[in-house]
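A quick write-up on the structure given underneath.
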Amino acid sequence: MASSQDKIVISGTGCALVDYLYTDVSFKSPHFDRYRSKKDGDGGLSPGKLVFTEEVERFAGKPYPEVLKDLTGNRPPDAMNLGGPALVALIHAAQMLDPGQFEVRFFGGMGEDEAANYVREMTGKTPLDMANYRPVSDRATPFTHVLSDASHDNNRGERTFINHIGAAWDYTPDILGDAFFQSDIVCFGGTALTPRIHDSL
């Protein structure tokens with residue numbers, strides 16, 4: 001057993017991020033069409049798909065904040081949520097498992113900004129151990145802007161995802177440390193959003 005308390009220790013790593021949801025973004029609008037993908041992999045936006053902010057900037061030829069302002073009319077997001085495949089799965093595990101028998105830990109990196117404070121605040125309301133979620137970079141804490149068009153595809157609705165990896169670029173295997181690998185169960189979730197972890201798997 002990895003724990004001196006004879007608990008089963010589950011440790012996971014991946015990207016902890018903030019999802020910012022923008023509703024009523026028409027995928028038929030000239031603003032969206034300006035950034036619509038012409039072919040797969042070109043960095044443009046496609047309903048139902050994820051693209052990275054750096055790719056959008058190359059496609060648009062301008063800084064991403066200007067693109068977002070154009071797409072949303074410079075309005076604030078309609079909602080915020082915790083995101084990241086590993087983080088969400090581990091929160092669920094921590095909530096479902098008997099805390100007397102299991103200890104569930106998240107290992108991840110953040111910037112030092114309001115998004116990081118939000119992640120800490122929200123995970124603090126759960127039984128997930130976040131002691132190994134720490135600042136690793138002066139880059140922004142990872143986020144995803146989610147553009148939602150409820151009228152898309154004959155009112156079936158769809159979303160488009162724009163992800164900013166940010167501080168997760170600087171999260172490396174050596175930061176995980178021995179404690180991670182000595183756990184009873186380890187989880188790697190959505191590691192494409194933590195590139196240096198992904199490349200070392």
Side-chain angles (χ1 to χ4, degrees), residues 10-23 25 35 43 45-58 63-65 67-69 71-72 75-95 104-148 158-173 175-176 180 186-201:
I10 301 172
S11 294
T13 189
C15 188
L17 56 84
V18 179
D19 285 324
Y20 298 95
L21 176 64
Y22 293 87
T23 60
V25 176
Y35 306 107
L45 306 182
S46 296
K49 296 185 178 180
L50 181 145
V51 67
F52 295 107
T53 54
E54 296 91 343
E55 297 172 329
V56 174
E57 288 182 328
R58 286 194 294 271
Y64 175 68
V67 175
L68 181 67
K69 181 178 179 180
L71 288 166
T72 65
R75 61 186 169 96
D78 298 289
M80 293 170 60
N81 294 302
L82 285 178
L87 181 65
V88 173
L90 291 164
I91 289 172
H92 182 65
Q95 291 173 329
V104 186
R105 304 169 177 170
F106 177 76
F107 289 68
M110 60 181 174
E112 298 190 73
D113 51 23
E114 285 304 310
N117 293 338
Y118 175 80
V119 173
R120 283 176 155 166
E121 177 187 353
M122 299 306 291
T123 55
K125 300 175 182 179
T126 77
L128 181 63
D129 182 336
M130 294 291 288
N132 293 286
Y133 176 62
R134 57 189 59 163
V136 294
S137 174
D138 58 2
R139 304 185 205 230
T141 297
F143 63 80
T144 301
H145 289 138
V146 184
L147 311 179
S148 178
E158 187 53 275
R159 296 175 296 171
T160 295
F161 306 88
I162 308 169
N163 178 265
H164 183 72
I165 291 177
W169 277 112
D170 300 314
Y171 197 73
T172 58
I175 298 175
L176 288 173
F180 178 85
V186 295
C187 166
F188 295 88
T191 53
L193 301 181
T194 48
R196 296 173 75 182
I197 298 291
H198 186 82
D199 290 345
S200 299
L201 287 177

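To the nearest 0.5 Å, the span separating OG1 on Thr13 from CG on Asn132 amounts to 9.5 Å. One distance of note links CG of Leu82 with CD of Glu121; it measures 9.5 Å at 0.5 Å rounding. To the nearest 0.5 angstrom, Leu147 atom CG is 14.0 Å from Tyr20 atom OH. Here the CG-CZ distance, from Leu201 to Arg196, works out to 14.0 Å after rounding to the nearest 0.5 Å. A distance of 5.0 Å separates OH of Tyr118 from CE of Met80, quoted to the nearest 0.5 Å. Rounded to the nearest 0.5 Å, atoms SG (Cys15) and NE2 (His198) are 13.5 Å apart.
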Carefully, step by step, assess Leu87 and Met130 under the rule side-chain contact (heavy atoms from CB on, under 4.5 Å). CA-CA 10 Å; Leu87 181 65; Met130 294 291 288; 4.1 Å; yes
Please assess Ile162 against Leu71 for the test side-chain contact (heavy atoms from CB on, under 4.5 Å), listing each intermediate value before the final yes or no. CA-CA 12 Å; Ile162 308 169; Leu71 288 166; 4.2 Å; yes
Apply side-chain contact (heavy atoms from CB on, under 4.5 Å) to residues Ser148 and Val25 and explain how you reach the verdict. CA-CA 6 Å; Ser148 178; Val25 176; over 6 Å; no
Show your reasoning for whether side-chain contact (heavy atoms from CB on, under 4.5 Å) applies to Ile165 and Phe52. CA-CA 8 Å; Ile165 291 177; Phe52 295 107; 3.7 Å; yes
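Between the side chain of Asp78 and the backbone N or O of Tyr22, no donor-acceptor pair lies under 3.5 Å. Side-chain N or O atoms of Arg75 include one that pairs as donor or acceptor with a backbone N or O of Thr72 at under 3.5 Å. Looking at Thr191, its side chain never comes within 3.5 Å of a backbone N or O of Ile197 through a donor-acceptor pair.
The closest side-chain heavy-atom distance from Pro77 to Leu21 is not below 4.5 Å. Two residues are said to be in side-chain contact when any heavy atoms from C-beta on lie closer than 4.5 Å; Asp170 and Arg139 meet this criterion. By the 4.5 Å heavy-atom criterion applied to side chains, Val18 and Asn81 are not counted as neighbours. Annotation: side chain of Tyr133 is in contact with side chain of Met110 (closest heavy-atom distance under 4.5 Å). A 4.5 Å side-chain heavy-atom check between Ser137 and Trp169 finds every atom pair outside the cut-off.
Few gaps surround CD on Glu57; more than 12 heavy atoms of other groups in view lie less than 6.0 Å from it. The number of heavy atoms from other shown groups lying within 6.0 Å of CD (Glu54) is above 12.
Residue Gly109 comes nearest to Val136 through the heavy atom pair CA-CG2, 3.8 Å, listed as atom of the first residue, atom of the second, then distance. Shortest non-hydrogen contact noted between Thr160 and Ser46 is OG1-O, 3.4 Å. Here the closest heavy-atom approach between residue Gly111 and residue Ala167 is recorded as N-CB, 3.6 Å. Nearest approach of Leu193 to Ala168, heavy atoms of both residues: O-CB, 3.3 Å. The two residues Cys187 and Phe180 make their nearest non-hydrogen contact at O-CZ, 4.1 Å. Ala94 and Pro127 get closest at one heavy-atom pair: O-CG, 3.3 Å.
Tested against Asn163 for a side chain to side chain donor-acceptor pair (under 3.5 Å), the candidates Thr53, Asp19, Thr144 yield a single pass: Thr144.
In this view, Val88 satisfies the side chain to side chain contact (heavy atoms under 4.5 Å, CB included) rule with no residue, not counting sequence neighbours.
Checked against the 6.0 Å centroid criterion, the rings of Tyr64 and His145 qualify as a close aromatic pair.
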